[in-house]
There are 2 protein chains.
Amino acid sequence: MSRTNSTADQRPYHHGDLHRAIVDAALEVLSESQSTEFSLRELARRAGVSHNAPYKHFSDKRELLAAVSGVGFELLAERMADATKELGSPRERLAAMARAYVSGGVQNPALYRLMFGGYLTGQDSDRPAIERTAAYRMKALVVDAMSGGALGHEIPNNAENERKLDGAILVFWSQMHGLTLLLVDRLVGPGEAMRELSDSVLQSMLDGLANCIPVIPPGVWVGPPLAD
Amino acid sequence: MSRTNSTADQRPYHHGDLHRAIVDAALEVLSESQSTEFSLRELARRAGVSHNAPYKHFSDKRELLAAVSGVGFELLAERMADATKELGSPRERLAAMARAYVSGGVQNPALYRLMFGGYLTGQDSDRPAIERTAAYRMKALVVDAMSGGALGHEIPNNAENERKLDGAILVFWSQMHGLTLLLVDRLVGPGEAMRELSDSVLQSMLDGLANCIPVIPPGVWVGPPLAD
DNA sequence: CACAAAATGTTGACATGGGCAACATTGCAA
DNA sequence: TTGCAATGTTGCCCATGTCAACATTTTGTG
């Protein structure tokens with residue numbers, strides 16, 4: 001006899017899926033507080049579990065945050081994949097992807113910062129494996145959209161074009177990344193014509209890329225404005 | 001008689017400029033550990049002072065970090081100003097500024113992240129005043145270089161052009177910002193042709209801007225490669 | 001089915017760190 | 001001179017990360 005519960009034995013000794021519960025709680029707190037400075041103990045409390053239980057699932061706070069970051073990458077990748085699902089033209093796909101990326105970041109700044117903010121990089125070791133693979137998967141979406149767009153139009157596969165493609169990917173990604181973070185950090189906006197500005201930034205980037213990879217034709221911006 | 005120093009009374013009761021000493025120590029630790037997770041107590045130790053002394057100068061760890069961030073903005077602004085000092089053409093100035101910005105960020109990732117990473121934004125209140133003004137000063141450099149470049153070539157000062165200018169500034173800044181952070185977080189590079197890639201990113205951005213603001217003529221990349 | 005081992009949770013303890021409060025020392029100003 | 005403000009110091013409290021030891025289940029295996 002361990003427990004002296006007067007009524008029903010509400011919680012069984014084992015939680016069931018504490019791993020998930022902790023990650024979910026972390027996502028919650030992250031959204032609420034917009035800060036990664038919550039405590040593992042707080043998460044344990046929310047999960048209705050003792051302060052050390054999480055350590056049976058994460059060796060470290062770092063590892064927990066990495067798991068959260070991994071979920072973030074999955075969510076973002078899913079968002080981007082959804083956005084580009086039924087679009088044919090490379091330009092449309094890239095545009096939709098960019099919009100999904102930026103709006104995803106803006107909707108949960110703390111999560112985005114956790115994913116890209118170097119909390120996982122700055123320390124001693126490399127990024128934990130789980131998170132790294134999720135990040136790579138997301139990156140692959142960008143790379144595919146870009147090179148798929150190019151290859152779809154039969155660009156000769158020589159070294160010169162490969163170099164250009166690398167450059168274009170870097171332009172695309174860093175532009176999205178930078179724009180997202182400027183918005184997230186409120187360094188531009190957030191008022192007035194932010195949405196139009198964002199759209200025009202992405203558009204002019206695509207126009208710029210069109211010079212680099214002739215496959216992406218210039219064109220008007222398509223699709224709905226950025227979500228808020 | 002308070003101290004019973006056997007030899008010389010090394011430290012006077014008052015430090016002299018503890019504020020500065022603490023900020024300097026913070027910059028040191030930040031560079032070394034590449035993390036903002038140092039303790040105020042550690043800084044106090046380094047400054048050879050009791051663990052609570054810093055609180056006479058900073059109400060908060062947040063405030064200390066804000067001060068550090070402010071110094072970071074000043075350093076970066078100085079760097080950018082230096083880099084553009086003797087350059088005439090708008091394109092050259094923007095190019096130099098971009099290079100200074102990116103290389104500054106890459107040289108001290110943790111500081112750059114502190115400045116732009118939203119540690120100061122995420123919380124309850126706005127960014128502390130000291131830091132905010134420093135950030136604005138730096139932003140003004142970008143804005144000036146861009147609009148000065150435009151005005152220098154007598155662009156009609158109508159609403160349409162103003163809108164374009166805003167867009168161009170956002171493109172420029174977010175591109176620099178994104179590229180810097182991708183490099184900083186080791187999400188691209190850091191090996192191989194990173195420097196060339198970076199240069200080509202910035203170059204193609206300027207080319208793109210040339211379409212938007214006809215004042216920035218296309219041209220070859222000028223100046224030395226990015227410092228490492 | 002019994003039972004040992006592996007999982008999973010719990011309690012307790014320790015060191016570290018942020019931050020408050022009370023006190024000490026010093027410089028400065030009236 | 002004397003009293004106040006600035007600056008440092010000591011001591012304390014509490015929250016947190018993390019380790020260790022112990023408790024309770026689940027599960028695989030004879």
Side-chain angles (χ1 to χ4, degrees), chain A residues 1-5 8-26 29-30 32-33 35-68 114 119-120 122-125 128, chain B residues 1-5 8-26 29-30 32-33 35-68 114 119-120 122-125 128:
Chain A
M1 172 209 67
S2 58
R3 312 287 213 70
T4 335
N5 277 356
D9 202 27
Q10 287 294 20
R11 20 222 106 176
Y13 195 87
H14 287 110
H15 177 287
D17 193 354
L18 188 55
H19 186 101
R20 160 89 62 174
I22 292 291
V23 170
D24 285 352
V29 180
L30 196 61
E32 290 167 10
S33 71
S35 157
T36 53
E37 280 173 350
F38 52 80
S39 61
L40 281 199
R41 284 160 123 106
E42 162 75 14
L43 302 185
R45 252 169 258 139
R46 295 212 178 199
V49 111
S50 91
H51 67 149
N52 250 348
Y55 283 89
K56 293 292 145 104
H57 299 270
F58 309 94
S59 71
D60 218 310
K61 185 176 184 182
R62 223 177 114 70
E63 198 172 293
L64 179 264
L65 287 178
V68 173
L114 173 61
Y119 185 96
L120 294 318
Q123 303 283 36
D124 36 4
S125 66
Chain B
M1 175 206 67
S2 59
R3 311 285 215 70
T4 335
N5 278 357
D9 203 27
Q10 287 294 18
R11 22 220 107 179
Y13 195 87
H14 288 110
H15 179 285
D17 193 354
L18 188 55
H19 186 101
R20 161 90 60 173
I22 292 291
V23 170
D24 285 351
V29 180
L30 195 61
E32 290 167 12
S33 72
S35 157
T36 53
E37 280 173 350
F38 51 79
S39 60
L40 282 199
R41 283 160 125 103
E42 163 75 12
L43 303 185
R45 251 169 258 138
R46 294 211 179 200
V49 111
S50 91
H51 68 171
N52 251 348
Y55 283 90
K56 294 290 146 100
H57 299 270
F58 309 94
S59 71
D60 219 314
K61 184 176 183 182
R62 220 176 116 70
E63 200 173 289
L64 178 266
L65 288 178
V68 173
L114 173 61
Y119 185 96
L120 294 317
Q123 302 283 36
D124 36 4
S125 67

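Throughout, a chain's letter reflects where its sequence line sits, starting with A, and its residues are numbered from 1.
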So, do [X] and [Y] sit near enough that their side-chain heavy atoms are less than 4.5 Å apart?
X: F38(B); Y: L65(B); value: yes
X: L64(B); Y: L43(B); value: yes
X: V29(A); Y: R46(A); value: yes

Quick check for you: among [options], whose closest atom lies nearest to any side-chain atom of [X]?
X: Y55(B); options: dG17(D), dT10(C), dG18(C); answer: dG18(C)
X: A53(B); options: dT9(D), dG9(C), dT18(D); answer: dT9(D)
X: S39(A); options: dT16(D), dT26(D), dG8(D); answer: dT16(D)

Exercise. Think H57(B) has a side-chain N or O under 4.0 angstrom from the OP1 or OP2 of dG8(D)?
Worked result: yes

Figure out the [atom1]/[atom2] separation between [X] and [N], and round it to whole Å.
X: E63(B); N: dG18(C); atom1: CD; atom2: C1'; value: 15 Å
X: L64(A); N: dT16(D); atom1: CG; atom2: P; value: 14 Å
X: H19(A); N: dA7(C); atom1: NE2; atom2: C1'; value: 15 Å
X: L18(B); N: dT26(C); atom1: CG; atom2: C1'; value: 15 Å
X: L43(A); N: dT16(D); atom1: CG; atom2: C1'; value: 12 Å
X: F38(B); N: dT16(C); atom1: CZ; atom2: C1'; value: 16 Å
X: H14(A); N: dA6(C); atom1: NE2; atom2: P; value: 15 Å
X: R45(A); N: dC14(D); atom1: CZ; atom2: P; value: 15 Å

Seminar exercise, completed: Between D17(B) and R41(B), whichever has its closest DNA chain D nucleotide further toward 5' is D17(B)

For this session: Would you mind telling me which residue lines up with the more 5' stretch of DNA chain D, V49(B) or K56(A), judged by nearest nucleotide?
Result: V49(B)

Exercise. So does H51(B) reach the base of dG11(D) with its side chain, donor to acceptor, closer than 3.5 Å?
Worked result: yes

Exercise. How would you label the contact of F58(B) with the nucleic acid (heavy atoms, under 4.0 Å): base, sugar-phosphate, or nothing?
Worked result: nothing

For this session: Look up atom NE2 in H57(A) and atom CD1 in I22(A), then write down how far apart they are to the nearest 0.5 Å.
Result: 7.5 Å

Problem set entry | Partners passing side chain to side chain contact (heavy atoms under 4.5 Å, CB included) against R41(A) (at least two apart in sequence or in another chain) | S39(A), R45(A), H51(A)

